[in-house]
Amino acid sequence: MINEKRFTKEMELAIYKEWKDSNAFGFNEHSKKTIYSIDTPPPYINSPIHMGHASTYAIMDFIARFRRMLGEEVLFPLGLDQNGLPIEISAEKKYKVDFTKITREKALEYCRQLLNETTATSMDSFFKCGIGFASWKEGEKIGEIYQTDSPSYRALTQATFIDLYNKGLIYEANKVVNWDPKLQSTIADAEIIYEDRPGFFHDIIFKVKGTADKVIIGTTRPELICTCEMVIFNPEDKRYKHLEGKTLLTPIYNKEVKCKSHPAALMDKGTGLEMMCSYGDLADIRFFMEQGIKGKVAIGKDGTLNEHAGFLKGMKIKEAREKMIEELKTRGLLDKITPTAAHRTPISERSGTAIEFIEMPEYYLKQMDYKDKMREIAHKVNIFAPQSRQILLDWIDSVSIDWPITRRRYYATEVPAWYCKKCGTIALAEKGKYVQPWKDAYKGKCKKCGGTEFRGDERVFDTWFDSSISPLYILGYERHPEFYKKNIPCSLRPQGKEIVRTWLYYTLLKDYLLTGKIIFKDAWIHHHIVTDDGTKMSKSKGNILDPQKIIETLGTGAFRMWCAIEGNLDKDDFRCSMERIEGAGKLLEKLWNVSKFVSMFELTKEQEKNAELMEIDKWALAEVDKLVEEAHTRYLQYDFHTPVVRIINFVRDEFASHYVETVKRRAYNNDPVVKFSEAERNGAVKTLRESLRTILELLYPVNPAMTSFIYKELFTEEIISKPWPKMNGVKSKLNGAELVLFNSAVWKAKKDAVLSLKDPVKKAIAPKTLAPVEAELKAMHNIQKVEFRGNESIVEAK
RNA sequence: GGGCUCGUAGCCUAGCGGUUAUGGCACGACCCUUACAAGGUCGGGGUCGUCGGUUCGAAUCCGACCGGGCCCACCA
């Protein structure tokens with residue numbers, strides 16, 4: 001019998017602790033059961049976990065627990081992504097250091113220090129969310145916690161580089177890259193965001209060679225006139241028809257550039273004449289490739305202009321622009337300056353700095369040759385919800401250059417390569433060992449010239465190059481070959497929609513190139529957590545909800561319940577507020593109270609045998625059967641929302657309010673007037689207990705702690721070892737809706753007559769179908785005379 | 001510009017071709033009822049964004065428009 005008035009946070013945490021201490025969800029790699037593997041998203045651990053993390057992990061935990069109930073061996077590891085710029089940036093901020101000004105060793109130390117401090121906090125949050133990971137211990141075994149900065153993970157990243165390089169899928173090239181002048185590193189397209197920043201058109205004057213004619217060209221980047229290689233206008237633009245094929249002279253530099261028509265120029269932008277500069281973005285690079293022109297790069301690694309810019313050499317962009325404007329004005333070459341419509345500027349997502357386009361040698365992974373294959377893969381992976389597939393397809397369509405995989409930063413996996421000082425030939429590391437070429441010497445001879453002196457590569461990999469092998473890592477690729485072979489592909493990749501273009505895409509791409517396989521069967525794409533009115537949560541708006549605080553005040557149960565209720569993938573983003581989570585908590589309180597009631601009744605084995613189900617019992621059991629079936633179908637589709645809403649509505653609106661209320665007197669069986677047989681009394685208790693048992697089992701994946709507690713009290717069994725419930729197959733002809741209506745009619749009549757609920761009802765007419773419930777209805781409402789006819793409920797209270 | 005998605009009572013939401021449109025919050029009234037007063041019961045409150053179309057019948061299907069949100073791409 002449950003005596004506690006409420007299920008408290010302390011009781012909840014005690015259960016999580018027990019599971020953690022007993023390693024209740026440990027993974028047995030030798031199990032004969034079907035293995036269900038979850039490629040958990042390794043979250044960046046450099047800050048306390050946010051709502052997105054908490055809800056993603058909670059829902060993954062629903063999936064893991066449900067799959068265990070189905071009799072599967074669930075591989076649900078905790079991974080921690082601990083590479084890359086965000087960690088460096090927080091370390092620089094926290095310890096007030098500039099990594100470009102200290103030694104590389106020192107920088108790495110700061111990163112490790114930061115990670116040590118933050119890991120514990122995040123782990124604690126996951127624990128408090130009630131996540132049942134396969135292990136809470138860091139290690140090399142399948143299912144143990146992995147970190148992407150561990151020597152073993154980094155060794156695997158390096159091994160994949162070596163394999164892909166040897167397959168000819170990775171090459172080094174000197175190309176124009178997205179350069180972040182603040183971080184001093186190349187970044188990928190996926191790391192660029194766009195911000196509206198005010199810009200200005202500078203209308204500058206070009207001369208037409210061999211004539212006295214002048215033309216006016218609008219540009220937002222006057223400091224880059226030196227890189228102008230061509231001027232274009234739209235073929236439809238009659239204003240400039242006469243310039244076709246003419247040669248123009250750039251102002252100040254007096255460089256000869258061709259002028260021609262090209263559809264890339266828009267008539268209504270600027271003056272309609274566009275200066276094509278090789279500073280460009282990807283569109284410009286495409287244009288230059290098409291025109292067969294090799295442009296000049298005028299911006300250096302440090303973000304200042306180089307010798308190509310002549311008198312602007314050594315200046316930063318902003319300074320150079322001002323200087324150029326001044327110079328143009330002096331020479332009378334500036335017509336006017338007008339503000340542009342909000343100009344979308346490419347910004348480095350990691351540092352917030354405007355990126356520049358400069359030429360650097362970097363390694364690239366081929367992806368342009370595999371776009372069709374990627375489209376095919378995108379169609380073959382089961383995506384939940386299916387409409388999220390479009391995000392992936394759109395991204396594949398927009399990929400325009402191979403993936404630059406190297407970065408010039410520090411806290412990341414190093415490129416495992418050295419170069420012969422004599423002939424420059426590359427020497428790759430041996431697979432399986434983590435190497436740091438910037439400090440480890442290469443022990444060997446150059447294959448080409450026999451030289452023994454090597455220069456270690458100083459670059460590191462893009463973090464997505466690490467995290468895109470997480471499914472391979474968790475399945476033991478190269479480390480546990482037998483297990484790996486038996487268990488690829490991974491069953492499920494859960495992740496957020498904002499990283500479809502990075503994590504999902506890069507993983508499918510890289511793992512396909514490595515293994516020739518589609519690396520997971522299902523991908524579950526999470527939406528964003530937004531505020532109550534549907535806007536984004538952001539620090540600047542101050543509308544962030546902290547999951548740590550929510551759990552502290554409302555409890556994990558309420559939080560997880562909210563995740564299920566709100567988590568409809570077919571719809572929009574998930575709306576979140578304290579009120580919504582509180583509402584979810586109230587539903588749990590109802591379940592708790594019903595359970596307290598049911599826990600008052602017990603049945604001996606003999607009583608259980610001597611139990612006779614009455615019509616309303618059959619009705620309750622039949623309703624529960626429907627829930628079992630629906631939950632099974634839907635949970636398999638990763639839909640917890642639909643069945644959980646239905647279950648909880650049933651518990652509150654039908655089971656508690658009507659079934660329990662109606663059979664209460666039979667269960668007590670001490671009514672002075674209406675007597676039930678012992679078998680009928682036992683039937684009520686049996687139904688109460690069995691219905692509740694199933695309901696608890698259905699809700700266990702979502703709310704493991706409370707259901708487990710109640711289950712133990714009522715049935716002295718551990719819910720975590722129970723399989724998915726079977727249907728009991730009971731059928732009933734009782735119309736539940738009519739029962740609800742009849743009860744309401746009685747309650748209303750008593751209220752209208754200002755009677756207590758205990759007071760007798762003189763006469764009632766109930767729908768014919770309720771005749772089998774006569775005795776209970778009489779006892780419940782204290783009805784003196786009841787007739788069953790028609791389908792209406794008519795009550796005369798006095 | 002492209003993709004996804006949503007407009008149902010003051011706020012949030014279910015329904016997604018078929019009686020009188022579901023539930024919650026808030027509001028009002030009543031009730032200590034052998035689970036639950038941090039509760040229960042009853043009630044008031046709606047031209048289902050707008051305009052057209054399909055249909056015997058539309059919140060539901062189709063089209064156009066208006067408005068919100070999120071993601072992405074692109075530009076001098």
Side-chain angles (χ1 to χ4, degrees), chain A residues 1-2 5-6 189-190 192-194 199-203 217-222 224 231-232 264-266 268-277 280-284 340-346 385 387-395 397-398 400 496-501 525 527-528 530-536 565-566 568 570-573 575 577 579-580 582-587 589-601 642 645-646 649 652-653 656-657 660-661 664-665 667-668 670 688 743-752 754-759 780:
Chain A
M1 172 139 159
I2 301 171
K5 194 161 168 60
R6 284 196 184 82
D189 290 357
I192 298 174
I193 53 168
Y194 290 85
F200 294 92
F201 271 122
H202 303 76
D203 287 355
I217 297 176
T219 177
T220 54
R221 304 291 303 263
L224 292 171
V231 170
I232 59 170
L266 303 175
D268 55 352
K269 284 265 171 145
T271 61
L273 282 172
E274 180 178 2
M275 178 173 101
M276 297 308 287
C277 293
D281 51 23
L282 296 174
D284 290 339
T340 61
H343 177 62
R344 301 211 76 186
T345 312
Q387 49 270 48
S388 295
R389 174 174 285 114
Q390 199 56 43
I391 304 174
L392 179 59
L393 289 168
D394 287 350
W395 176 248
D397 285 343
S398 68
S400 62
K497 68 176 176 186
E498 75 284 1
I499 50 173
V500 164
R501 64 186 181 141
I525 309 299
H527 288 297
H528 288 147
V530 297
T531 64
D532 215 6
D533 60 4
T535 56
K536 202 176 172 173
I565 291 169
E566 185 63 32
N568 183 357
D570 286 333
K571 283 272 181 90
D572 222 341
D573 289 330
R575 296 188 177 206
S577 68
E579 290 72 31
R580 281 171 194 252
E582 216 177 330
K586 283 189 180 164
L587 297 173
E589 214 162 289
K590 185 50 100 178
L591 181 66
W592 179 253
N593 286 322
V594 170
S595 303
K596 265 178 76 174
F597 172 73
V598 176
S599 80
M600 291 163 63
F601 303 97
T642 313
V645 167
R646 204 148 308 194
N649 283 348
R652 186 190 54 201
D653 302 333
S657 310
V660 169
E661 289 298 340
K664 210 177 231 185
R665 275 89 195 160
Y668 285 118
N670 57 6
L688 283 168
N743 285 337
S744 288
V746 177
W747 287 324
K748 183 168 160 47
K750 285 191 179 180
K751 191 194 158 184
D752 290 347
V754 201
L755 291 175
S756 149
L757 289 182
K758 275 191 292 194
D759 289 335
M780 173 185 184

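All values derive from a computational prediction rather than experimental measurement. Within every chain, numbering begins at 1; the chains are lettered A, B, ... in the order of the sequence lines, protein sequences first and strands thereafter.
The distance between atom NZ of A:Lys750 and atom P of B:rG43, rounded to the nearest whole Å, is 16 Å. Residue A:Glu589 contributes atom CD, which lies 13 Å from atom C1' of B:rG40 at whole-angstrom precision. A:Asp653 places its CG atom 15 Å from the P atom of B:rG39, with the value rounded to the nearest Å. Summarising the geometry, the separation between CZ on A:Arg221 and C1' on B:rA76 is reported as 11 Å, rounded to the nearest angstrom. We find that CG of A:Asn649 is positioned 10 Å from C1' of B:rG24, with the value rounded to whole Å. A straight line from CZ of A:Phe597 to P of B:rU33 spans 16 Å, rounded to a whole angstrom. We find that NZ of A:Lys497 is positioned 11 Å from C1' of B:rC72, with the value rounded to whole Å. Summarising the geometry, the separation between CG on A:Leu393 and P on B:rC4 is reported as 11 Å, rounded to the nearest angstrom.
Candidate nucleotides B:rG24, B:rC42, B:rA76 were compared by shortest atom distance to the side chain of A:Glu274, and B:rA76 ranks first. Closest to the A:Met600 side chain, of the nucleotides B:rC36, B:rA73, B:rU34, is B:rU34. Distances were taken from every side-chain heavy atom of A:Trp395 (C-beta onward) to each of B:rG43, B:rC36, B:rA73; the shortest belongs to B:rA73. In this structure, of B:rC36, B:rG3, B:rG24, it is B:rG24 that holds the atom nearest to the side chain of A:Arg652. Here B:rA37 is the nucleotide among B:rA38, B:rU34, B:rA37 with the atom lying nearest to any side-chain atom of A:Lys5.
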### Query
Would A:Gln390 and A:Asp394 satisfy side-chain hydrogen bond (donor to acceptor under 3.5 Å, both in side chains), going step by step from the backbone distance to the final call?
CA-CA 6 Å; A:Gln390 199 56 43; A:Asp394 287 350; 3.0 Å; yes
### Task
Could you please spell out the steps behind the side chain to side chain contact (heavy atoms under 4.5 Å, CB included) verdict for A:Leu587 and A:Ile565?
CA-CA 11 Å; A:Leu587 297 173; A:Ile565 291 169; 3.6 Å; yes
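Phosphate contact (OP1/OP2 of B:rC72, side-chain N/O of A:Arg501, threshold under 4.0 Å): present. Phosphate contact (OP1/OP2 of B:rC4, side-chain N/O of A:Ser388, threshold under 4.0 Å): absent. Contact annotation: A:Ser744 side-chain N/O to B:rU41 OP1/OP2 distance is not under 4.0 Å.
Closest heavy-atom contact between A:Gly218 and A:Asp203: CA-OD1, 3.3 Å. The minimum heavy-atom distance linking A:Arg221 with A:Met275 is given by the pair O-CE, 4.0 Å.
Pairing of B:rU60, defined by two Watson-Crick or G-U wobble distances under 3.5 Å, is not identified with any nucleotide. The partner of B:rC4 is B:rG69, by the rule that a Watson-Crick or G-U pair needs both atom distances under 3.5 Å. B:rC48 makes up no base pair with any nucleotide shown, lacking Watson-Crick or G-U wobble contacts both under 3.5 Å.
Contact annotation for A:Leu273: base contact, defined as any heavy-atom pair under 4.0 Å involving a base atom. Heavy atoms of A:Asn670 sit under 4.0 angstrom from at least one base atom.
Summary of the strand contacts: A:Ser595 and A:Trp747 both lie near RNA chain B, and taking for each the nucleotide with the nearest heavy atom, the more 5' one is attributed to A:Ser595. RNA chain B is contacted by both A:Asn743 and A:Val598; A:Val598 maps to the nucleotide lying nearer its 5′ end (nearest heavy atom per residue).
Under the salt bridge (charged side-chain N to carboxylate O under 4.0 Å, His left out) criterion, A:Lys586 pairs with no residue, sequence neighbours left out. Checked against salt bridge (charged side-chain N to carboxylate O under 4.0 Å, His left out), A:Lys664 has the following partners two or more places apart in sequence or in another chain: A:Glu661. Applying the side-chain hydrogen bond (donor to acceptor under 3.5 Å, both in side chains) criterion to A:Arg652, with sequence neighbours excluded, gives A:Asn649. Take A:Arg646 and apply the salt bridge (charged side-chain N to carboxylate O under 4.0 Å, His left out) test, not counting sequence neighbours, and it matches A:Glu630. Partners of A:Ile391 according to the side-chain contact (heavy atoms from CB on, under 4.5 Å) rule, which considers only residues two or more places apart in sequence or in another chain, are A:Ser388, A:Lys497, A:Val500. Looking at residues two or more places apart in sequence or on another chain, you find a side-chain contact (heavy atoms from CB on, under 4.5 Å) between A:Ile499 and A:Trp464, A:Gln495, A:Thr502, A:Trp503. In terms of the ring-ring contact (aromatic ring centres under 6.0 Å, His included) criterion, residue partners of A:Phe601 (sequence neighbours excluded) are, by chain and number, A:Phe597, A:Tyr668.
Only the C1' atoms considered, B:rC61 is 34 Å distant from B:rG44, to the nearest whole Å. B:rU20 and B:rG24: their P atoms are spaced 22 Å apart (whole Å). Spacing between B:rA76 and B:rC72 at atom C1', rounded to whole Å, works out to 22 Å. Distance check on atom P: B:rA14 versus B:rC74 gives 35 Å, rounded to whole Å. Using atom P as the reference point in both B:rC51 and B:rC4, the two lie 27 Å apart (nearest Å). Comparing B:rG57 with B:rC66, their C1' atoms sit 27 Å apart, to the nearest whole Å. Taking atom C1' on both nucleotides, B:rG68 is separated from B:rC11 by 15 Å, rounded to a whole Å. As rounded to the nearest Å, B:rG15 and B:rG49 have P atoms that lie 15 Å from one another.
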Polar atoms only, N or O, under 3.5 Å: list the protein pairs with nucleotides 20-22 of chain B and their distances.
none

Below 3.5 Å is the cut-off: list the nitrogen or oxygen pairs between protein and nucleotides 26-29 of chain B, distance only.
residue : atom : partner  : partner atom : Å
B:rA29  : N3   : A:Lys751 : NZ           : 2.9

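The base of B:rC36 lies close enough to the side chain of A:Lys590 for a donor and an acceptor atom to sit less than 3.5 Å apart.
Side-chain contact between A:Val746 and A:Met780: absent, with no pair of heavy atoms (C-beta onward) separated by less than 4.5 Å.
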